[in-house]
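Down below is the structure, laid out as structure tokens.
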Amino acid sequence: MWRRSLESLVFSISRRYVAKECNMAQLIDGKSIAQDIRKQLTQELKELLTTGCPVPHLTAVIVGEDEASKKYVANKMVACREVGISCETKKLPASTTQEELLDVIAKLNKDPQVSGILVQLPVPDHINERTICNAVHVDKDVDGFNEQNMGRLALDMDSLVPATPLGVKRLLEHFNIETLGRNAVVVGRSKNVSLPMAILLSSDGRYNTKALDATVTICHRHTPPKELARYCRNADIIVVAVGKVGLITKDMIKPGACVIDVGINRIKDEKTGTFKLVGDVDFDEVRQVAGHITPVPGGVGPMTVAMLLHNTLKASKKQFSDRNSC
Ligand code: NAP
């Protein structure tokens, strides 16, 4: 008798557990999707080399000693090698002048062995970020930050698209998230992440960028918190790229919405005393309401790296085809 009641208790608890799990948002596992993309790129690269195209080469330039930047660049180099892209990192001291950095970029622009150039941001305060981004040759600008690539993106023309928003677009497509005519909110208006994200979400899908046709609201630090919550609650898709822990909470989410967390924040775990990475979204709470959600880490980050590789291959192909058509 007691055994039967124990079994029925276990059964009812597990059902409740399964039901609760089912109500949870579907996890967007960027790490595994990025891994698949890297495998595809490895194959694509092998095929490209059979056509006589030289091995693509990415040069990363890093100025100063920012630990996070060094780690990001090191990850990018590992990823390049894994798919067969040749790569190197030029490390310059924090005292490098803008003119010296421009000179390094000019040499890389002219070097026919170099197919992609990436200047890791942020650069030290005495260097103008926009001047540097614009100095990278448009065809080698694998970060897509050059004014010409940004302009082309805004005009629905084929271009090298910044890796993070391109990675987010790929995630939305992978999970068949409906975007056409849907409401999207982009939280943040930075030129390298949020602006190209808003363009990709709102532009006309019939053109070269194959954009997503959503109705987009952009929020920033002057958006009053009440308004931010109101816009978010009306959104089918939220992309947040701010760098503020716990900015997006459960009460701001429309049930079933897709929540993409670009933010990266390093916080101290009070229990263990160790540091960990979290996003801008209150993950544990929001996943109880959302339909889809990206984790941090393991969501957008790996896609950013995969899209950088994609851009390097794309740049290399274009340069090869331009040389052969001369
Ligand atoms: P950013 O240039 O510092 O931009 C942050 C944006 O957030 C700004 O536009 C700012 O508005 C806005 N903002 C600040 N407080 C706000 C608030 N309370 N409500 C709404 N908006 C607010 O940063 P970013 O380069 O775009 O990066 C954003 C975050 O994404 C960072 O945590 C970064 O580490 C992360 N990130 C992740 C990846 C990845 O691969 N996962 C890639 C790049 C960046 P104003 O313009 O008005 O100041």
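Side-chain atoms are counted along with the backbone in the values below, which use heavy atoms only and exclude waters and symmetry mates. In listed order, ligands and their atoms are each counted from 1.
- For atom 6 (C) of ligand 1, the candidate residues are P224, A241, G243, P225; the nearest heavy-atom contact is made by A241.
- Listed by atom number, the atoms of ligand 1 under 4.0 Å from G188 heavy atoms are 6 (C), 7 (O), 9 (O), 12 (C).
- Ligand 1 has a nitrogen or oxygen under 3.5 angstrom from a nitrogen or oxygen of R189.
- The minimum heavy-atom distance between F145 and P162, with the atom names listed, is CE2-CB, 3.9 Å.
- In terms of protein heavy atoms, atom 19 (N) of ligand 1 is closest to H220 O, 3.6 Å.
- When all heavy atoms are compared, the tightest approach of F175 to I28 is CE1-CG2, 3.6 Å.
- Salt bridge present: D158 and K314 bring a charged side-chain N and a carboxylate O closer than 4.0 Å.
- Residue contacts with ligand 1 for K244 involve side-chain atoms from C-beta outward but no N, CA, C or O (heavy atoms, distance under 4.0 Å).
- The environment of E65 atom CD is sparse: at most 12 non-hydrogen atoms of other residues, nucleotides or ligands sit within 6.0 angstrom.
- Considering backbone and side-chain atoms alike, S194 places every N or O at 3.5 Å or more from each N or O of ligand 1.
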Would you sort out whether N192 and S190 count as a side chain to side chain donor-acceptor pair (under 3.5 Å), showing the intermediate values?
CA-CA 6 Å; N192 299 340; S190 69; over 6 Å; no

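- Under 4.0 angstrom from ligand 1, the non-hydrogen atoms of V242 come from both its backbone and its side chain.
- The shortest N/O to N/O separation between I264 and ligand 1 falls below 3.5 Å.
- The pair K250-D282 does not meet the salt-bridge criterion, since no charged nitrogen lies less than 4.0 angstrom from a carboxylate oxygen.
- Residue nearest to atom 45 (P) of ligand 1, selected from M307, E227, R221: R221 (by heavy-atom distance).
- When all heavy atoms are compared, the tightest approach of D280 to A241 is OD2-C, 3.8 Å.
- If you number the atoms of ligand 1 from 1 as listed, the ones under 4.0 Å from a heavy atom of G301 come out as 40 (O), 41 (N).
- Residue contact check: T304 has heavy atoms under 4.0 Å from atoms 39 (C), 40 (O) of ligand 1.
- Of all the heavy atoms of V262, the ones lying under 4.0 Å from any atom of ligand 1 are found in both the backbone and the side chain.
- Salt bridge E173/K169: present, at least one basic N to carboxylate O contact under 4.0 Å.
- T223 does not count as a contact of ligand 1, since none of its heavy atoms falls under 4.0 Å from the ligand.
- Partner V142 forms a side-chain contact (heavy atoms from CB on, under 4.5 Å) with one of V136, L313, L308 and no other, that one being L308.
- Between H222 and ligand 1, a contact under 3.5 Å exists for no N or O pair.
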